[in-house]
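Everything quoted here is computed from the prediction, not taken from an experiment.
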Amino acid sequence: WLVQRPPLFHAGFVLSKPSLTKEVQPVHGHANHRHTAVRAAGVQSSEVWSLPSVEKGTSDFYAGQAATYAWVQSSTTLYLFAPLKKSEDDASEAPAVDLEVVDEGTKIGLTINGDEVLRGELANSVKPGTDIWMVEDGPDGQQFIVVEVDKTFPGSEWTSVLRPEVNFLEDYSQPKVVMQRVTPQEQANMVEDTLGHLQKGFGHVQVAADDHTAVNGDLLTVDIQGFELTDQGTRGGPLDIGASQGMKIELGAAGPAGGGLMP
């Protein structure tokens with residue numbers, strides 16, 4: 001849906017017909033601080049609708065336009081506008097309008113001269129028995145079927161006329177599970193990493209002999225003491241913040257475990 005917050009109006013207001021990524025301007029109403037959404041695919045007309053004016057108080061609520069109708073709202077009422085096609089045979093002939101509000105005000109259907117304008121479940125409920133329709137002229141002379149119906153909950157703000165529908169394009173009752181393929185090398189690496197993790201968590205440290213050559217994976221216990229540097233470049237007094245007792249460093253480990261040293 002494409003809608004936009006407009007300036008206030010007096011005599012009427014204008015809605016642009018649907019466009020794929022086009023803002024409606026000006027629109028009687030507002031839409032989330034000039035937020036622009038994408039319309040349904042295939043709706044590309046740029047014709048402008050000049051709608052009849054309705055009661056005051058609609059400029060503070062959302063408004064919008066679909067392919068076959070436009071809509072505005074006040075605190076208590078929802079208005080639908082469907083352009084009336086002129087009959088080539090008899091322009092004075094009364095339109096055949098079939099307006100249905102059923103299921104306790106949760107569903108609506110509107111057909112004009114055999115053409116279905118909208119049908120489906122409403123985004124919010126309306127009061128059954130309050131729905132009426134009339135023929136009104138827009139500022140440019142275009143006639144509209146104007147539907148007026150009261151909201152069940154006054155003060156509620158609608159963001160669409162019909163409740164959005166979600167359709168599944170495929171059968172999800174029998175999902176397909178695709179297993180990730182693991183190469184022998186990746187499997188060996190995961191086993192090695194798992195064993196290393198278990199060894200660190202549950203293994204016992206064995207004190208190495210004095211002639212042991214250090215290798216990656218060995219755990220060193222280090223006492224560190226920092227000292228001040230004097231002006232003469234000699235060692236001064238010990239630093240309290242530069243001392244560590246029993247600091248453990250794993251050779252070859254990256255990050256804090258390796259003491260920040262190169263592997």
For [X], does the [atom1] atom sit with more than 12 other heavy atoms under 6.0 Å from it, leaving out its own atoms?
| X | atom1 | answer |
| --- | --- | --- |
| E165 | CD | no |
| H212 | NE2 | yes |
| E104 | CD | no |

What closest approach, in Å, do [X] and [Y] show between heavy atoms, and which atom pair accounts for it?
| X | Y | result |
| --- | --- | --- |
| P95 | I145 | CG-CD1, 4.0 Å |
| F61 | Q73 | CB-CG, 3.4 Å |
| K85 | N113 | O-ND2, 4.5 Å |

Original post:
Is there a side-chain contact (heavy atoms from CB on, under 4.5 Å) between T111 and V117 once you walk through the steps?
Top reply: CA-CA 5 Å; T111 302; V117 176; over 6 Å; no
[X] side chain vs [Y] backbone, donor-acceptor pair below 3.5 Å:
| X | Y | value |
| --- | --- | --- |
| S125 | G105 | no |
| S75 | G155 | yes |
| T234 | T230 | no |
| D193 | M190 | no |
| Q225 | S244 | no |

To the nearest 0.5 Å, how far apart are [atom1] in [X] and [atom2] in [Y]?
| X | Y | atom1 | atom2 | result |
| --- | --- | --- | --- | --- |
| L162 | L118 | CG | CG | 5.0 Å |
| M134 | F144 | CE | CZ | 14.0 Å |
| Y62 | S160 | OH | OG | 11.0 Å |
| Y69 | L110 | OH | CG | 10.0 Å |
| S74 | E157 | OG | CD | 11.5 Å |
| I112 | D98 | CD1 | CG | 10.5 Å |

**OP:** List in chain and number order the residues that pass side-chain hydrogen bond (donor to acceptor under 3.5 Å, both in side chains) with E192, two or more places apart in sequence or in another chain; answer none if no residue qualifies.
**Re:** none
**OP:** Would you verify whether the NZ or CZ of K151 falls within 45 degrees of the ring axis of Y79 while also being under 6.0 Å from that six-membered ring's centre?
**Re:** no
Subject >> The single option from D150, V149, V54, T130 passing side-chain contact (heavy atoms from CB on, under 4.5 Å) against T77 >> reply: D150
Min side-chain heavy-atom separation [X]-[Y] under 4.5 Å:
| X | Y | value |
| --- | --- | --- |
| V72 | F81 | yes |
| Q187 | N189 | no |
| E136 | Q143 | no |
| P52 | D137 | no |
| T194 | L198 | yes |
| L78 | V147 | no |
| Q142 | L51 | no |
| L99 | I132 | no |

**OP:** Please answer: with hydrophobic residues joined when any side-chain heavy atoms are less than 4.5 Å apart, are L251 and L195 in the same cluster?
**Re:**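 Each belongs to a different hydrophobic cluster.
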Original post:
F227 and V222: same hydrophobic cluster, using ILVMFWY side-chain contacts below 4.5 Å?
Top reply: no
Subject >> Check against side-chain contact (heavy atoms from CB on, under 4.5 Å), V126 and I108 >> reply: CA-CA 9 Å; V126 295; I108 191 171; over 6 Å; no
Original post:
After noting the C-alpha distance and the side-chain angles of E121 and R163, does the key distance pass the salt bridge (charged side-chain N to carboxylate O under 4.0 Å, His left out) rule?
Top reply: CA-CA 6 Å; E121 184 177 359; R163 183 180 299 275; 3.4 Å; yes
Original post:
Stepwise, does the side-chain contact (heavy atoms from CB on, under 4.5 Å) test hold for L239 with E228?
Top reply: CA-CA 6 Å; L239 296 172; E228 294 179 350; 3.3 Å; yes
Subject >> Ion pair E100/R119, N-O distance below 4.0 Å >> reply: yes
